[in-house]
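Input: a single structure, listed below in structure tokens.
The analysis underlying the following values was restricted to heavy atoms, covering all of them including side chains, and did not include hydrogens, waters or symmetry mates. Just so it is clear: chains get the letters A, B, ... in the order the sequence lines come, proteins before strands, and each one is counted from 1.
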There are 2 protein chains.
Amino acid sequence: MNSLKQMDRGALSDALDHFGQRTTPQRETVFGVLLNQRDHPTADEVYARTKSQMPTISMATVYNCLETLVSCGLVKQVNIEREPTRYCPNLSPHAHFHCRETGRVYDVPVPSGMMQELAGVLPGEYEADSVELVFRGHLSKGKTK
Amino acid sequence: MNSLKQMDRGALSDALDHFGQRTTPQRETVFGVLLNQRDHPTADEVYARTKSQMPTISMATVYNCLETLVSCGLVKQVNIEREPTRYCPNLSPHAHFHCRETGRVYDVPVPSGMMQELAGVLPGEYEADSVELVFRGHLSKGKTK
DNA sequence: ATTTGATTTAGAATAATTCTAAACTATGTT
DNA sequence: AACATAGTTTAGAATTATTCTAAATCAAAT
């Protein structure tokens with residue numbers, strides 16, 4: 001699989017349009033790479049994967065595309081400690097789990113009620129537009145998933 | 001104020017001892033800097049503040065000391081997006097609020113029950129030893145605190 | 001067709017952090 | 001007290017993710 005499904009292509013164009021940005025082959029390809037393998041790749045990894053489909057793309061363009069996708073709300077950045085930024089096209093409310101042993105990052109669904117509750121701990125003067133929840137630890141043996 | 005209170009000096013020595021590390025003037029001074037002004041300074045800021053009390057200290061030592069304090073559990077690292085790491089000697093359970101306008105980071109106390117609850121969203125195979133909760137947004141007008 | 005502005009590109013620049021190797025300090029042992 | 005050992009500090013070099021720059025390319029609109 002290496003091309004965007006019609007549905008995703010539509011979502012991409014719509015979102016880009018909405019922010020006055022053009023739909024380009026590079027943006028489509030990068031978005032496709034993210035949707036195809038949902039393992040929170042770094043920019044470097046996205047670059048490698050994209051290059052295999054589009055050998056002339058440059059690192060700068062990958063960064064540009066990722067930045068564009070993030071600013072259009074199609075992709076989220078995940079920062080774990082000081083490690084390279086990772087990218088995630090999962091838009092539903094979720095937390096992240098970072099395994100210290102493998103370095104892998106997993107999505108963990110969070111009931112939406114929980115998110116409400118979290119916002120509740122903020123004193124009145126704080127107005128949050130985003131919440132980030134990251135767990136760190138390890139996966140219990142047997143289940144490497 | 002520029003020297004460690006007796007109580008804090010004791011806590012520092014105990015913790016360092018416990019991990020087989022020496023209590024040095026550099027570590028004491030850096031720890032004192034963090035306790036004195038609890039505004040989540042970056043390593044650069046810690047360096048500047050420490051240098052004013054101990055002009056011969058080097059940047060590398062500041063990083064070494066911070067790393068030592070973190071590994072002994074006396075200080076926490078706070079990473080917000082890709083910005084420089086900040087340091088925080090608040091050991092009670094709390095979240096962070098990052099103001100997009102000023103860039104400042106605030107501690108937000110979190111009821112301990114909430115932390116328990118958060119851990120509850122993790123499926124069984126995930127064993128977390130730390131939870132990080134970061135809000136981003138802005139302070140409502142009037143209260144710049 | 002031509003202008004205009006957006007996008008892509010390669011490579012240089014930046015900046016936080018880590019590494020390296022030498023100098024220094026403290027501690028324990030005889 | 002002198003010495004060996006290991007831990008710590010230091011300045012500066014190295015690393016690395018990311019951003020910047022300026023030129024080339026592309027697309028849309030007159």
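- Residues B/I80 and B/V134 are in side-chain contact: their nearest non-hydrogen atoms beyond the backbone lie under 4.5 Å apart.
- No engagement by A/E83 is indicated, since no non-hydrogen atom pair under 4.0 Å with the nucleic acid exists.
- The CD1 atom of A/I80 sits 16 Å away from the C1' atom of D/dA17 (whole-angstrom rounding).
- Side-chain contact between B/H96 and B/C88 is present, with at least one heavy-atom pair separated by less than 4.5 Å.
- Each of A/T85 and B/V62 lies near DNA chain D, and the nucleotide nearest B/V62 is the one positioned closer to the 5' end.
- The distance between atom CG of A/L69 and atom C1' of C/dT8, rounded to the nearest whole Å, is 15 Å.
- Between the P atom of C/dG5 and the CG atom of A/N64 lies a distance of 20 Å, rounded to the nearest Å.
- Contact check, B/R27 against D/dT8: a side-chain N or O comes under 4.0 Å of OP1 or OP2.
- Judged purely by atom type and a 3.5 angstrom limit, A/R136 has no side-chain atom pairing as donor or acceptor with the backbone of B/A128.
- Rounded to whole Å, the distance from CZ on A/R86 to P on D/dA17 is 11 Å.
- Mapping B/A60 and B/R22 onto DNA chain C by nearest heavy atom places B/A60 at the nucleotide closer to the 5' end.
- When distances are taken from the side chain of B/S58 to each of D/dT8, D/dT10, D/dT18, the shortest belongs to D/dT10.
- Residues A/Y106 and A/C99 come closest through the heavy atom pair CE1-CB, 4.3 Å.
- If you take CD of B/Q77 and P of C/dT17, they are 9 Å apart, rounded to a whole angstrom.
- Remark: P of C/dT8 and CD of A/E67 are 12 Å apart, rounded to the nearest angstrom.
- Regarding contacts with the backbone of C/dT25, every side-chain N or O of B/Q26 stays at 4.0 angstrom or more from both OP1 and OP2.
- At the phosphate of C/dT8, OP1 or OP2 sits under 4.0 Å from a side-chain N or O atom of A/T24.
- Rounded to a whole Å, the NZ atom of A/K51 is 7 Å from the P atom of C/dA10.
- Side-chain N/O atoms of A/T61 include one lying less than 4.0 angstrom from OP1 or OP2 on C/dT9.
- Within the 4.5 Å cutoff, the side chain of B/D107 has no heavy atoms near those of the B/R38 side chain.
- Between B/Q21 and D/dT8 there is a side-chain N or O to OP1 or OP2 distance below 4.0 Å.
- Applying the 4.0 Å criterion to OP1 and OP2 of C/dT9, one finds that A/T56 has a side-chain N or O inside that range.
- Distance CG (B/L66) to P (C/dA16): 15 Å, rounded to an integer number of Å.
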